[in-house]
Amino acid sequence: MTTKIVIIDDHQLFREGVKRILDFENSFDVVAEGDDGSEAMGLVETHRPDVVIMDINMPNTNGVEATRLLTEKYPESKVIILSIHDDENYVTHALKTGASGYLLKEMDADALVEAVKVVADGGSYLHPKVTHNLVNEYRRLASEGTNNRSTYMQVEIRRPLHLLTRRECEVLQLLADGKSNRGIGEALYISEKTVKNHVSNILQKMNVNDRTQAVVVAIKNGWVEVR
Ligand SMILES: [Mg+2]
């Protein structure tokens, strides 16, 4: 199965860099590129990609607006925002419009590839720093006791924490600290591959779709320290 990808970014050099990274994967096919949000609809209509990689700041139609239009009309094409902005205003706005992923331009190539795979597979993917900011925002809302709570709070817990091994609990804590797989591997002196196995076991046991949900559920239930 080939994952068809469209890239929308106003910086040509950056776009080419992203394309080169993605083309390196056999299962990925970058089918089109555009340099403004206004082009996104036409390109998606023509190519019906599985994933659209979308910049935010562009000259005419920005990426958040383009994402809103796209996800309404073509829900089967998943959008990953790739931006320099990591503050929670941008992030929550982008997620509300239906983006499935939020990445930062400072990320490494492996994470980009992983994100596209996860999102193409129906999951969601946030840069660890973005997750960390969202967690802070969640704490702020929770401590204010407002009714304006995020839907993450309604995530149903079907499996108790005691199903997690001690090592999985350590990994969960490091996820909550905003660490990447590599960072977790370094902290626990284990390989990134082992970290990935632990993370997928945690997700399965907690019955959640992605690491962000796992962190939010864990915080909500007091299974991890927010530090
Ligand atoms: Mg831009």
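Remember, predicted model here, so these are calculated numbers, not experimental data. For this chain, numbers begin at 1 and follow the sequence in order. Start at 1 and go down the list; that is how both ligands and their atoms are numbered.
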Main chain of Q173, side chain of E225: is a donor-acceptor contact present, judged purely on distance under 3.5 Å? no
Going by chain and residue number, what protein N/O/S atoms come nearer than 2.8 Å to the Mg ion (ligand 1)? D10 OD1, D55 OD2, N57 O
Between D55 and R15, is the closest basic N to carboxylate O distance under 4.0 Å? no
For S38, enumerate each residue passing the side-chain hydrogen bond (donor to acceptor under 3.5 Å, both in side chains) test, keeping only those at least two apart in sequence or located in another chain. D36
Less than 4.5 Å apart, side chain to side chain, heavy atoms only: is that true for V116 and I53? yes
Which residues satisfy the salt bridge (Lys or Arg N to Asp or Glu O under 4.0 Å) test with D210, sequence neighbours excluded? none
Enumerate the residue pairs fulfilling salt bridge (Lys or Arg N to Asp or Glu O under 4.0 Å) with a member in residues 184-201, sequence neighbours excluded, ordered by first and then second residue. R182-E192
